[in-house]
Number of protein chains: 2
Amino acid sequence: MSRLDRSLIAGLPPFEGMAPADLDRMLAQARSQRIAKDEAVFEQEDAAHAFFLLLDGHVRVIKTTPDGQQVIVRYISPGELLGIAHALGRTTYPASAVAAVDCVVLAWPGHLWPEFAAAFPNFGANTYKTVGSRLQDTQTRVVEMATEQVERRVAHALLRLIDQTGRKTEDGILIDFPISRQDIAEMTGTTLHTVSRLLTAWEDQGLVKSGRQKVAVTEPHHLQLLAEGRLPKS
Amino acid sequence: MSRLDRSLIAGLPPFEGMAPADLDRMLAQARSQRIAKDEAVFEQEDAAHAFFLLLDGHVRVIKTTPDGQQVIVRYISPGELLGIAHALGRTTYPASAVAAVDCVVLAWPGHLWPEFAAAFPNFGANTYKTVGSRLQDTQTRVVEMATEQVERRVAHALLRLIDQTGRKTEDGILIDFPISRQDIAEMTGTTLHTVSRLLTAWEDQGLVKSGRQKVAVTEPHHLQLLAEGRLPKS
DNA sequence: CCGGAACGTTGCGCCGGATCAAACGGCGGC
DNA sequence: GCCGCCGTTTGATCCGGCGCAACGTTCCGG
């Protein structure tokens, strides 16, 4: 197995404030791993044998209900940790993580967590901050689901996506990985039909451009107004 | 100000595994405080100047949207921490906390957090575990909101409440603080009207007994089946 | 080049639950 | 003991969005 270079992770948020030597010590225990599109990084309910850092690609975190319905909990972008169940005292993954495109991750054995948290206090603190802001995000989503109707929820979801992973193109800000109407529906608790209707309506108004597994937002500001519900309905 | 006795907090989950002397050191910096029913422990958006331990009573954590709608994020029971925004690197409270009944809390100045986390590793670890399980709970709630319809959501909410705060009475398991249909509606993202209709329907079937600001579950197992949607609809 | 699968679009009917409206009943204050 | 208020009940109506179904389109493999 090839040696991992420190520059891979130096400067990423989870490692903020760590000494170079400590980065090396962490890397020495990491294993780099390729995950092909549509393959799982880990599966819901499995024993949490490892935690991961996404180096390249995008990952969907999915929860499946007993009756088989799926909900996309969040998308992970490069530089973020995933599968940190161990840090939170859980022994099993609460969701599945699936590669949205071909991905590269670093993997550490889960049992190293307490060791790392103790030896690298900045790493621990950074992680807990992440968990805190994920808790925030999730609570905000509960509020959204409880108070907003579908159109605004979908608008919010798109805005979050372009914020996280947007890439400028001549069509506007493009979501940087293949995403279907079904995916958006699973993020917002609706059906692909409704998402399709919304997107075509928005496309007619020139707010977005979308195609097969692809969405680009041309008028983010206008979409924002829509998301916040201060738009007279045409 | 009167001296706080160690027995107040010894044995509570957040202090699991701490030395008695350390409990005393923490208590020495705490201030005990009474909060009258319907008063706020802290308010959304305020600077997070303190974190709290609920000693007695019950507290509602509420998020309010820009247009004034409210969502009850969770209920806090005695022995739980609240207002721990500081632990998560936030400087402001993301929600309000309102006493559901007369309450007693301990308050610590927020700036002590890093000190405590460093000096009492068990305390820090316990807290992060709590945050982790709250993240879990919240994600589960997102899944519920996205996939279940109102009846099942309300059933789930009641089951969680009796699980957290249930007290046995001759009417069944009673929720241990005053709770209105409006409150339940704000927990589940529906209206008080719908909650009222559901409760009367359930009362007719002998599943619950409810009255003004009071709900008791007489048939938790049956309600559980309903919550899980494996009940032929009558 | 062809055929099939996967993804997307669109029309239609229906229903769960929100909204609006009104009246009731118990509890606390005076 | 009476009054007023707050929480609750119940009815009537309306509509957003889901379910279903059919069709179009792009992509991929053979």
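So that the names make sense, note that chain A is the first sequence line, chain B the second, and so on, each numbered from 1. No hydrogens, no waters, no symmetry mates; every other heavy atom, side chains included, goes into these values.
- Counting to the nearest Å, the P atom of C:dG8 and the CD atom of A:Glu203 are 13 Å from each other.
- Atoms CD1 (B:Ile184) and P (D:dT9) sit 10 Å apart, rounded to a whole Å.
- An OP1 or OP2 oxygen of C:dG8 is reached within less than 4.0 angstrom by no side-chain nitrogen or oxygen of A:Ser196.
- Distances were taken from every side-chain heavy atom of A:Val150 (C-beta onward) to each of D:dG17, D:dC20, D:dG11; the shortest belongs to D:dG17.
- Within 4.0 Å of A:Leu192, counting heavy atoms only, lies no atom of the nucleic acid at all.
- Residue B:Trp202 contributes atom CH2, which lies 16 Å from atom C1' of D:dT9 at whole-angstrom precision.
- Distance, A:Gln182 CD to D:dC18 P: 12 Å, rounded to whole Å.
- Residue A:Ser180 places its side chain closer to C:dG8 than to any other of C:dG8, C:dC27, D:dT10.
- In terms of position on DNA chain C, the residue among A:Gly211 and A:Arg197 whose nearest nucleotide sits closer to the 5' end is A:Gly211.
- Separating the CE atom of A:Met145 from the P atom of C:dA18 is a distance of 13 Å, rounded to the nearest angstrom.
- Residue contacts for A:Arg212: at a heavy-atom cut-off of 4.0 Å it reaches a base atom on one of the strands shown.
- For B:Glu219, there are no salt bridge (Lys or Arg N to Asp or Glu O under 4.0 Å) partners two or more places apart in sequence or in a different chain.
- A straight line from CD of A:Gln149 to P of C:dG17 spans 15 Å, rounded to a whole angstrom.
- Between B:Asp171 and B:Lys214 the shortest heavy-atom distance is OD2-NZ, 4.2 Å.
- Comparing C:dG16, C:dT10, D:dG17 by their nearest atom to the side chain of A:Thr194 picks out D:dG17.
- Atom CD in A:Glu148 sits roughly 16 Å away from atom C1' in C:dA18 (whole-Å rounding).
- Put simply, CG on A:Leu199 is 7 Å from P on C:dT9, counting in whole angstrom units.
- Contact annotation: B:Arg181 reaches the phosphate of D:dT9 (side-chain N/O to OP1 or OP2, under 4.0 Å).
- The side chain of B:His193 sits closest to C:dT19 out of C:dC7, D:dC20, C:dT19.
- Between the side chains of B:Asp46 and B:Gln44, no donor-acceptor pair of N or O atoms lies under 3.5 Å.
- The shortest non-hydrogen separation linking A:Glu144 to A:Arg153 is O-CD, 3.9 Å.
- Between A:Thr127 and A:Thr130, the side chains place no donor N or O within less than 3.5 Å of an acceptor N or O (distance only, hydrogens not considered).
- The phosphate of D:dT9 has neither OP1 nor OP2 within less than 4.0 Å of any side-chain N or O from B:Thr200.
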